[in-house]
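Input: a single structure, listed below in structure tokens.
Letters A, B, ... are given to chains in the order of the sequence lines, protein chains preceding strands, and every chain is numbered from 1.
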There are 2 protein chains.
Amino acid sequence: MAVTIYDVARHAGVSPRTVSNVVNEYAFVSATTRERVKRSIDTLGYLPNLTARNLRRGRTGMVALVLPEPLHIPYFSELSAFVLDEVAKRSYTAVIEQTDGEPERERALLSANDRGRLFDGFIFSPLGLNSKEIASLAVKAPVVLLGERVSSGPFDHVAIDNVSAAKCAVGHLVALGRRRIAAIGHQPYETGETARLRTQGYRETLEAAGLAYDKRLVVSTPLFHRDNGAEAMARLLALAKPPDAVFCYNDLLAVGALRTLLRAGVRVPEDVAVVGFDDIEEGRYLTPALTTISPDKQAIASLAVKQLFKRLDGDAGRPVDFEVPFRLAVRESTQGGSEACEGPPPRPKAGRP
Amino acid sequence: MAVTIYDVARHAGVSPRTVSNVVNEYAFVSATTRERVKRSIDTLGYLPNLTARNLRRGRTGMVALVLPEPLHIPYFSELSAFVLDEVAKRSYTAVIEQTDGEPERERALLSANDRGRLFDGFIFSPLGLNSKEIASLAVKAPVVLLGERVSSGPFDHVAIDNVSAAKCAVGHLVALGRRRIAAIGHQPYETGETARLRTQGYRETLEAAGLAYDKRLVVSTPLFHRDNGAEAMARLLALAKPPDAVFCYNDLLAVGALRTLLRAGVRVPEDVAVVGFDDIEEGRYLTPALTTISPDKQAIASLAVKQLFKRLDGDAGRPVDFEVPFRLAVRESTQGGSEACEGPPPRPKAGRP
DNA sequence: CTGTTAGCGCATTCAT
DNA sequence: ATGAATGCGCTAACAG
């Protein structure tokens with residue numbers, strides 16, 4: 001079997017306690033003893049058994065990143081890459097769980113049922129469960145929510161200001177002189193508030209610009225994938241008076257919309273300008289390259305992980321909302337000047353009562 | 001604290017041993033006892049502590065998927081989604097480790113150093129380490145290699161037939177009447193054999209077609225990313241006699257190449273036809289949509305996971321090589337007819353001596 | 001500053 | 001078919 005802490009103790013002529021102290025960098029160990037123990041550790045090739053340590057400490061050493069979509073959705077794979085790195089920095093193990101937005105899976109993972117006990121904490125991007133259900137979840141471990149805000153319940157929350165971001169995107173189109181600006185990605189039901197907030201920003205911007213709100217220009221989509229965007233765009237092109245610009249609620253929708261436009265021989269941005277949301281890498285290599293709202297994904301990941309570990313370390317303060325910075329990345333699909341709008345620097349927006 | 005096996009035992013009036021038997025579906029438990037215990041488990045809401053179980057069983061309950069690139073690289077995120085699902089099916093936990101192709105990280109993960117002891121097994125897609133180094137790794141746990149073949153060492157291996165696939169891609173271009181077919185993605189050094197095999201297929205196909213091999217048409221790239229493809233294509237366009245077709249060693253290179261072509265006003269496929277490799281979703285929504293070699297990623301994932309669990313269950317047979325099927329997905333970037341070539345069905349290619 | 005010892009929760013060997 | 005008892009490897013409460 002593997003070499004244990006007792007083997008090291010015997011080899012170094014000390015007690016297991018002391019070995020443990022050295023391994024865990026306990027301060028009060030004499031320099032000489034520490035050296036001797038370290039040498040024994042090296043000689044024997046000792047490695048702590050993390051399972052035993054975790055059992056003893058009452059932790060599992062794992063946090064889950066709970067995603068509403070499969071990992072091949074670019075926004076989530078880009079975000080995940082950051083989260084994995086942030087967690088690894090802290091010598092913890094991150095596990096990615098794909099719920100596909102199924103309420104059952106989300107519930108099972110978070111509630112102390114199923115594998116709930118497997119994780120010390122969660123970074124949770126919800127989709128299937130609505131705010132009320134999330135708030136009423138019987139979670140034992142700390143949870144940091146991504147995106148969807150939940151107004152009650154003991155949950156920290158990290159997100160972009162969706163209304164401002166949408167205003168920024170649509171404002172850009174207005175500034176370019178577009179008059180019939182469509183929106184793709186609205187969600188009418190209680191599927192969560194993100195889409196609603198973006199529609200709100202869209203609408204407020206039109207009104208502020210004195211443009212009529214035409215609900216035929218607002219297309220709902222069941223999901224935020226490429227095919228939904230393609231289909232929605234086709235519907236818009238079929239209109240008697242098609243739009244001269246489109247604001248897509250994410251880049252994948254924009255990719256689909258762009259494909260429909262190009263296949264139809266519509267020039268982008270001359271005939272129709274396109275703006276996306278998320279700034280996935282794919283958008284930068286489209287032709288034309290996609291103008292998009294670029295949220296600071298690295299900041300999302302690091303804020304979420306940082307806050308989660310604060311909780312794991314025992315911080316019991318009230319739930320915190322973090323607002324993450326964004327900027328408008330102006331590229332060829334709008335070919336606008338270089339005006340831009342930015343979000344705030346990353347800091348807690350407010351402690352919620 | 002949480003409810004333990006002892007609590008259940010007391011509640012059901014049996015010994016912990018019996019509860020354990022019921023939980024683990026041990027055959028020889030009387031129906032009545034089993035029922036009683038199950039009822040107690042439900043009443044108390046008992047959940048086995050996996051950490052304790054793993055400590056006792058000498059396992060960690062985790063396997064690692066070791067990736068050479070960050071998760072935002074589409075091929076790997078698509079593959080990972082499948083692997084996570086396959087592992088979850090078996091009530092195991094999969095952990096994604098990103099090495100960024102750094103030999104040190106690869107070595108540390110696999111050798112029983114570092115976190116090596118954390119995992120019961122590995123699915124390893126190598127990049128930084130060459131065959132020799134991999135073969136000489138002091139791994140204790142079972143390893144299934146993805147992609148790169150290692151001719152010795154106790155490693156199972158899952159991969160596509162790279163030579164055939166490249167022949168299929170280039171053959172398609174030849175059949176379309178292209179005469180100056182370039183290749184993007186060669187790797188001259190000992191970076192692994194994948195690129196070399198694709199170049200071999202490329203070269204053999206040209207020769208079989210009576211086309212001259214012109215090494216100015218073969219561009220090496222340090223990585224397989226979009227920018228590498230864009231840059232390589234620019235170099236090809238600068239040639240006195242530019243190519244009329246390009247075979248890119250992966251789709252990301254093709255994405256970059258395509259962008260360069262379109263920005264330069266070159267028509268695709270009329271002036272230059274483009275073929276990629278991997279069939280990532282992104283390619284299907286490009287305009288023109290990308291013709292590409294489509295490996296069966298689901299098969300790669302399920303074969304790899306299945307084989308890994310065979311090893312975890314004690315199978316000590318000799319290393320197995322699995323060959324995964326592929327097909328040519330003909331789309332707009334070559335606009336060829338619908339001729340295609342397919343790889344074999346998924347089955348062990350051969351047991352290696 | 002360091003040794004002794006008792007569990008963490010479970011699976012399992014030895015009994016019966 | 002089931003009980004009693006042991007120990008997986010580690011940390012920490014309790015000495016000293």
Distance, rounded to the nearest Å, where A:Y6 contributes OH and C:dT4 contributes P: 11 Å
Gap between atoms CG and P, on B:N21 and D:dG3 respectively (whole Å): 10 Å
Distance-only donor-acceptor check, side chains B:D120 and B:T60, under 3.5 Å: yes
Rounded distance in Å - CG (A:D7) to P (D:dC10): 9 Å
For atom CZ of A:R10 and atom P of D:dC10, their distance in whole Å: 12 Å
Check: A:T43/A:S40 side-chain N/O donor and acceptor closer than 3.5 Å: no
Touch class at under 4.0 angstrom, heavy-atom based, for A:T18 against every strand present: sugar-phosphate
Phosphate OP1/OP2 of C:dT2: any A:S30 side-chain N/O under 4.0 Å: yes
Phosphate contact (D:dT11 OP1 or OP2) by A:S20 side-chain N/O below 4.0 Å: yes
Sugar-phosphate only, base, or nothing, as touched by B:P48 at under 4.0 Å among non-hydrogen atoms: sugar-phosphate
Residue met sooner reading DNA chain D from 5', once B:A52 and B:Y26 are mapped to nucleotides: B:Y26
Exercise: do B:T194 and B:E148 side chains pair donor with acceptor under 3.5 Å: yes
Upstream residue (5' side of DNA chain C) when B:R53 and A:L55 are each assigned their closest nucleotide: A:L55
Nearest-Å distance for atom pair CZ/P, residues A:R59 and D:dT11: 10 Å
Sugar-phosphate, base or nothing in reach of A:V23, heavy atoms under 4.0 Å: nothing
Contact under 4.0 Å: B:T4 side-chain N or O vs C:dG9 OP1/OP2: no
Sugar-phosphate, base or nothing in reach of B:T33, heavy atoms under 4.0 Å: sugar-phosphate
Rounded distance in Å - CZ (B:R57) to C1' (C:dG9): 13 Å
Sub-6.0 Å ring centroid separation between A:Y92 and A:F309: yes
Value in whole Å for how far the P atom of D:dG9 lies from CG of A:L50: 13 Å
Selected nucleotide, minimal atom distance to B:I5 side chain, candidates D:dA4, C:dC10, C:dT12: C:dC10
Toward the 5' end of DNA chain D, by each residue's nearest nucleotide, B:F28 or A:R56: B:F28
Side chains of B:Y26 and B:R34, donor plus acceptor under 3.5 Å: no
A:S77 and A:S80: side chain donor to acceptor below 3.5 Å: no
Integer-rounded Å distance: D:dA1 C1' and B:R36 CZ: 12 Å
Side-chain donor/acceptor contact of B:R17 with base of C:dT13 under 3.5 Å: yes
Touch class at under 4.0 angstrom, heavy-atom based, for A:N24 against every strand present: sugar-phosphate
